[in-house]
Protein chains: 2
Amino acid sequence: MGRKRLQEPADGRPTVHTVAARAGVSIASASRVLNGIGGSPETIRKVRAAAAEVGYVPNAIARSLQSQRTGLVALAVEDIGNPVYVEMMRAIEAVVASSGRQLLVHATGGRIDNETALLRRLANRYVDGMIVSPIRVTDDHLTALVDSPVPVVVVGQLGADAAVDNVRTDSRHGVALAVDHLVATGRRRIGFVNGPLDTVPGTARDAGFRAALTRHDIRCDEDLIEVGDFQYAAGRTATERLLARADPDALVCANDLIAVGALHALLAAGRQVPQDVAVVGMDDTELARMMFPQLSSVSLGSTERGRRAAELLLQRIADPTLPPRREQVPPSLAIRASSGTPLPAPRPGGPPTTHPTSEGVTS
Amino acid sequence: MGRKRLQEPADGRPTVHTVAARAGVSIASASRVLNGIGGSPETIRKVRAAAAEVGYVPNAIARSLQSQRTGLVALAVEDIGNPVYVEMMRAIEAVVASSGRQLLVHATGGRIDNETALLRRLANRYVDGMIVSPIRVTDDHLTALVDSPVPVVVVGQLGADAAVDNVRTDSRHGVALAVDHLVATGRRRIGFVNGPLDTVPGTARDAGFRAALTRHDIRCDEDLIEVGDFQYAAGRTATERLLARADPDALVCANDLIAVGALHALLAAGRQVPQDVAVVGMDDTELARMMFPQLSSVSLGSTERGRRAAELLLQRIADPTLPPRREQVPPSLAIRASSGTPLPAPRPGGPPTTHPTSEGVTS
DNA sequence: CCGATAGCTGTAAACGTTTCCGGGAGTCTG
DNA sequence: CAGACTCCCGGAAACGTTTACAGCTATCGG
């Protein structure tokens with residue numbers, strides 16, 4: 001009889017059937033050999049040869065359907081251009097890789113439909129689990145997170161009652177650290193360049209800023225508060241608007257990208273940093289150390305949060321019955337040249353200098 | 001009689017069987033209703049109700065096995081902390097999203113085994129196609145790319161004979177643009193801070209630099225050439241080493257991260273930029289505009305390359321029989337404050353100013 | 001009133017893999 | 001030499017979906 005090509009898929013790609021037929025064994029034997037379990041030397045030889053001849057490569061989708069796992073983990077963040085997420089991603093990747101899985105990243109661009117769409121898509125078994133760091137959280141969103149078919153860990157603030165693993169920091173406290181430091185170094189006209197107020201971090205930081213001023217008996221001047229989005233360009237233009245109507249001696253910025261924009265606007269306007277205006281950023285990313293002068297910045301422990309989130313996720317994948325857990329990473333302040341305290345320059349890669357606040361918000 | 005739970009998977013998650021049983025219809029009808037094709041009003045009502053009650057969510061893996069597609073596309077790059085890849089990713093994402101697919105990103109960290117492992121894993125049907133931008137290319141790598149089960153587009157230089165869709169630029173020409181510009185503005189002691197020479201871009205840029213100097217009858221002083229990797233920190237330390245033994249009046253840097261490191265090292269060493277030393281980066285990322293002074297930079301068209309790569313990929317997914325294609329995007333030079341030519345400041349987001357070279361390498 | 005047609009429905013076969021299970025052959029032990 | 005044990009093999013069932021096909025009912029036209 002002629003060649004048997006009955007098992008050959010239309011697509012032309014060899015399957016385990018192809019290999020088995022060519023080697024003259026059953027698909028069970030072929031599969032076993034290809035997975036390195038069992039098989040007589042002769043069978044192994046034949047199957048290996050057949051597989052090599054036809055260029056067999058296993059179909060991971062079919063394998064996953066059978067094994068109920070993909071070996072992939074996803075991270076969904078709003079903006080991958082923000083170095084804070086890059087740092088978080090690096091930490092997560094390290095943990096995830098140690099479990100033999102691979103990390104995939106998806107940038108949602110902050111479009112909330114995009115994020116829920118991703119959840120509904122990826123989470124439906126394309127990945128073994130996912131870490132999500134949403135900046136806006138709707139109820140719809142929340143339910144999508146809670147009854148995701150696949151384990152989910154959220155990085156960021158979340159309603160107290162949400163039954164999802166959650167790693168957070170206290171960014172209100174973080175802003176307080178910045179304000180305390182600036183007040184302690186003699187600044188009084190402290191401005192604030194924030195991100196959108198309809199985001200979770202935006203509202204938290206706004207509240208933190210106002211609370212901190214109040215605690216120092218400083219009146220909150222609305223002219224000193226400006227809002228953009230969490231990007232460099234917005235930080236720059238927002239600062240330009242602020243400078244056009246007010247004269248701050250310090251600026252707190254809701255993240256490092258904004259702080260870089262502010263720095264740029266200040267220098268372009270002829271203000272000296274830190275002599276005329278001190279600047280403190282937030283997230284303490286590599287970007288803060290890349291600036292000249294180097295930026296003081298409030299660390300929200302993104303590396304640590306990423307690491308913990310990944311660990312939580314792996315634990316939950318291993319045992320989905322665990323109760324929801326919540327972890328909190330305390331913020332700390334790294335003081336550098338941009339806020340003018342004449343400290344001996346800290347080692348570039350070293351641990352940030354922390355600065356305790358009087359308010360016991362957290363930790 | 002009692003409840004029928006035979007079809008219920010051990011995992012407890014409802015399948016289409018569960019829904020069908022509960023609605024009292026066949027799985028075919030259930031599937032049809034859930035996909036919105038056909039079904040009597042009564043059936044539709046029952047199935048919808050049953051699905052809602054049990055919280056049915058389809059298993060995407062099983063669906064993909066059947067449909068032979070996942071609706072996912074992957075991008076693999078070396079270092080996602082490099083803004084050039086972020087810009088490329090944004091361009092790709094825009095195109096990919098327009099085809100109703102989602103983009104996933106994987107950072108290989110430059111470990112070549114990691115990249116081939118990814119290929120062998122993801123490419124085995126987890127994604128409908130992938131875009132890879134490798135900085136090191138081995139033969140092993142190449143064969144993995146060529147006979148990937150899934151369409152692959154490579155961004156970057158590749159052997160001339162490789163049968164893979166390929167979008168490239170001419171970074172030798174790009175370096176030439178930088179050198180020409182610096183020479184034209186009176187610089188003669190031009191230094192070069194490069195990435196590793198065992199990478200494709202590293203060698204290309206090295207060759208381009210030497211060729212450009214030769215063309216201008218400038219002797220190539222090895223003391224003015226320094227190598228690190230493609231990161232900020234390495235750029236800074238490499239520049240420090242260079243400054244310790246030589247006295248350049250200009251620096252060409254192999255990418256913007258290195259250029260920022262160089263800028264920092266120069267300022268820390270008390271050199272004025274651009275008065276004492278002119279600096280030109282490469283990739284023309286947002287980072288270049290974020291610096292103060294703003295960095296001149298050679299654009300290698302990363303956005304354009306990303307867009308084209310995505311288009312090639314989509315075309316190939318639609319028709320896998322297409323012959324391998326190759327596209328080339330010409331470099332151009334954006335002149336800003338760091339190289340000292342007193343130009344009227346170009347609009348921040350506007351098109352970069354191009355500077356033609358006499359050498360007809362490309363375009 | 002009858003045949004054709006349209007619309008639903010259910011059965012079953014795919015998609016490509018892993019794995020349970022039973023059978024057969026060979027080896028060792030008592 | 002019989003029985004137990006080990007090893008290898010192949011058939012078949014799973015994983016959860018979509019879909020080709022055929023059968024059924026109801027409607028419509030003549």
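Keep in mind it's a predicted model, so treat the numbers as computed, not measured. Just so we're on the same page: letters track the sequence lines, and every chain starts at 1.
- Taking the charged nitrogens against the carboxylate oxygens, Arg45(B) and Glu42(B) do have a contact shorter than 4.0 Å, which makes a salt bridge.
- What separates CD1 of Ile61(B) from C1' of dT17(C) is a distance of 12 Å, to the nearest Å.
- Considering only the side chain of Ala62(B), dG16(D) comes nearest among dT17(C), dT18(D), dG16(D).
- Contact of the Asp165(A) side chain with the Arg316(A) side chain is registered, since non-hydrogen atoms from C-beta on lie closer than 4.5 Å.
- Dashed line: the shortest gap from a side-chain N or O of Gln68(B) to OP1 or OP2 of dA14(C) is not under 4.0 Å.
- Between Asn35(B) and Ser31(B), the closest side-chain pair of non-hydrogen atoms falls below 4.5 Å.
- Atom CG of Leu65(B) and atom C1' of dC15(D) are 9 Å apart (whole Å).
- Using a distance-only test at 3.5 Å, with no hydrogens or angles considered, a donor-acceptor pair links the side chain of Thr70(B) to the main chain of Tyr126(B).
- With rounding to whole Å, Arg69(A) atom CZ is found 16 Å from dG16(D) atom P.
- Between atom NZ of residue Lys46(B) and atom OG of residue Ser29(B) there is a gap of 9.0 Å, rounded to the nearest 0.5 Å.
- Both Ser67(A) and Gly24(B) lie close to DNA chain C; mapped to their nearest nucleotides by heavy-atom distance, the more 5′-ward contact belongs to Gly24(B).
- Residue Val150(A) comes nearest to Val127(A) through the heavy atom pair CG2-O, 3.1 Å, listed as atom of the first residue, atom of the second, then distance.
- Across its full length, the helix from dC1(C)-dG30(D) to dG30(C)-dC1(D) shows an angle of 40° between the axes of its 5 terminal pairs at either end, rounded to 10 degrees.
- Considering only heavy atoms from C-beta on, Leu158(B) comes within 4.5 Å of Arg168(B) through its side chain.
- Rounded to whole Å, atom P of dG10(D) lies 12 Å from atom CD of Glu42(A).
- The CD1-P distance, from Ile44(A) to dC8(D), rounds to 8 Å in whole Å.
- The stretch residues 26-39 of chain A comes close to DNA chain D through Ser26(A), Ala28(A), Ser29(A), Arg32(A), Gly39(A), each having a heavy atom under 4.0 Å from the strand.
- The phosphate of dA13(C) has neither OP1 nor OP2 within less than 4.0 Å of any side-chain N or O from Gln66(B).
- Rounded to whole angstrom, the span from the NE2 atom of His17(A) across to the C1' atom of dG10(D) amounts to 12 Å.
- Proximity of Ile135(B) to Val200(B): side-chain heavy atoms (C-beta onward) are nowhere separated by under 4.5 Å.
- Between Arg63(B) atom CZ and dG16(C) atom C1' the separation is 18 Å, expressed in whole Å.
- For the atom pair OH of Tyr56(A) and CZ of Arg48(A), the computed distance is 13.5 Å after rounding to the nearest 0.5 Å.
- The phosphate of dC9(D) has OP1 or OP2 within less than 4.0 Å of a side-chain N or O from Ser40(A).
- The CZ-P distance, from Arg13(A) to dC15(C), rounds to 16 Å in whole Å.
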